[in-house]
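Here the structure is laid out as structure tokens; the discussion comes afterwards.
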Amino acid sequence: MPEGPELALAGRYINEACGGLVFCGGAERSAVGRGPEVPFRSEAYRLGAAARGKELRLRLEPLGPGRPQALVFRFGMSGGFRLRPAAAPPRHAHLRFLTRESPPRALCFVDARRFGSWRLGDAWQPGRGPCVLTEYRAFRENVLKNLDDKAFDKPICEALLNQKYFNGIGNYLRAEILYRLKIPPFEKARTVLEALKHQEQARRKKNSSLTLSKKLKLKRDNPDLLELCHTVPMEVVAAEKNLLDPDHADNHTAFKNWLQCYGVPGMSSLRDHNGRTIWFQVTTRASKRRSRRAENPATLAVKKEEEEEEEAVPEPPRKGRARARRAAAAAPASSEPEAPVKVTRRRASAHKGAGAAPAV
């Protein structure tokens, strides 16, 4: 699924593949594309792209008279751009921009599953925070100054998908980030993030006598969670070498070799409250118990797996016997078998003369 690095790479691909090309005409939209018609036509124009978090802005600049047009794309689960001969467009091309060459080529927005979309204008979607790749300082400040937000009442694995604070982080990135720091995925987000403030203060006090180069080395060798939210996506961008062909097999191979946790054999997996699979490594019994308690009913998993990770997250199941019954009925998503859940009725008080109820 496209996350921040994939959007950044798509922007670079468009700029490198189309930077010397001249386009003409208007944008051709498919009948099933999830976006409006584009009211733009020009005899000659150029294309440029910029990415921010999980959005990409495409700008159409006329070379003569006329006003520019901007579009902002969300890639959904399978969106991306391809430059192909106009006579042989890729399947599921929902928006096409034709070059003025002979024979012409077409820059196509391709989306097999049709979760991606576009809208007119150059404004980024309201409510999205600073980009973890390109706006690291603003991103870090936005998180640490808003830790009283109820978004951080959720487990850290769910908070990491909140695009108001972690714009660009998705399912595979959250798994890789938490794995590197050995953070249990269902630890409360505020608990994890508030510790960063204390660690930073202690580090400053401890390192006050060190030289700048030693401070930078120490920080590089001991990154915190917010730093990894920036450096881990940047590793993905650096690993993708064949930018002029997103379908190149070497890209997929490099990415699979880079993964340390997500989908890797030997790792455990569970569904979070959003129904999305979180991959992690069990390090202690306590972390395993916390993870199992946070598992959501499997009846919601299939539907939620089709949604993007930045969509609204349902509230956790209610506590008490109802949750225990749902947990007992649900098939566990972990690779390890889960012990059956027992619900024991309370023993009635003695003065009422009632006996103990049998366990069920």
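Nothing fancy with the numbering, it's 1 onward along the sequence. The figures here come from the full heavy-atom set of this structure, side chains too, leaving out hydrogens, waters and symmetry mates.
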[Y] reachable from [X] in the ILVMFWY side-chain graph, under 4.5 Å edges:
X	Y	value
Leu196	Phe166	yes
Leu107	Leu63	no
Leu7	Trp124	no
Leu95	Val110	no

For the [atom1] atom of [X] and the [atom2] atom of [Y], what is their distance to the nearest 0.5 Å?
X	Y	atom1	atom2	value
Arg57	Ile14	CZ	CD1	12.5 Å
Asp111	Arg74	CG	CZ	11.5 Å
Cys229	Leu160	SG	CG	5.5 Å
Asn146	Arg190	CG	CZ	11.0 Å
Glu3	Leu9	CD	CG	12.0 Å
Leu56	Trp118	CG	CH2	13.5 Å

Distance flag, aromatic centroids of [Y] and [X], threshold under 6.0 Å:
X	Y	result
Phe73	Phe81	yes
Phe97	Tyr45	no
Phe75	Phe109	yes
Tyr262	Tyr179	no

Looking only at atom types and distance, does a side-chain atom of [X] sit under 3.5 Å from a main-chain N or O of [Y], one as donor and one as acceptor?
X	Y	result
Asn274	Arg276	no
Asn167	Cys131	no
Gln281	Pro184	no
Arg59	Ala70	no
Asn142	Ala138	no
Asp272	Glu158	no
Glu61	Leu47	no
Asn257	Thr253	yes
Gln260	Trp258	no
Thr99	Arg105	yes

Considering all heavy atoms of both residues, which atom of [X] and which atom of [Y] are nearest to each other, and what is their separation?
X	Y	value
Cys157	Phe186	SG-CE2, 3.8 Å
Ala159	Ala151	CB-O, 4.0 Å
Ala93	Ser30	O-CB, 3.8 Å
Pro233	Val132	CG-CG2, 4.3 Å
Leu193	Leu226	CD2-CD2, 4.0 Å
Ser78	Arg114	OG-N, 4.5 Å

(message) Just by distance, no angles: are the side chains of Gln125 and Lys54 close enough, under 3.5 Å, to form a donor-acceptor pair?
(response) no

(message) If we count only N and O atoms by modelled type, under 3.5 Å, do the side chains of Arg271 and Thr277 hold a donor and an acceptor together?
(response) yes

(request) Specify whether Tyr136 and His230 have parallel, tilted or perpendicular ring planes, treating 30° as the upper limit for parallel and 60° as the lower limit for perpendicular. (result) tilted

(request) Might you confirm whether atom CD of Glu235 has over 12 heavy atoms from other residues, nucleotides or ligands at distances under 6.0 Å? (result) yes

(message) Is it the case that atom NZ in Lys182 sees more than 12 heavy atoms from other parts of the structure closer than 6.0 Å?
(response) yes

(request) Show your reasoning for whether ring-ring contact (aromatic ring centres under 6.0 Å, His included) applies to Tyr165 and Phe139. (result) CA-CA 7 Å; Tyr165 296 109; Phe139 149 70; 9.4 Å; no

(request) Using the ring of Phe152 (Phe, Tyr or Trp, six-membered ring only), decide whether Lys150 places NZ or CZ under 6.0 Å from its centre and within 45 degrees of its axis. (result) no

Could you go through residues 21-29 and list every donor-acceptor pair under 3.5 Å that involves a side-chain atom there, pairing it with any protein atom two or more places apart or in another chain?
from  : atom 1 : to    : atom 2 : distance (Å)
Glu28 : OE1    : Arg96 : NE     : 3.3
Glu28 : OE1    : Arg96 : NH2    : 2.6
Arg29 : NE     : Gly35 : O      : 2.5
Arg29 : NH2    : Gly33 : O      : 2.8
Arg29 : NH2    : Gly35 : O      : 3.2

(message) Please determine whether a side-chain nitrogen of the Lys or Arg among Arg137 and Glu227 lies less than 4.0 Å from a carboxylate oxygen of the Asp or Glu.
(response) no

(request) Look at Arg119 together with Glu55 and state whether they make a salt bridge at an N to O cut-off of under 4.0 Å. (result) yes

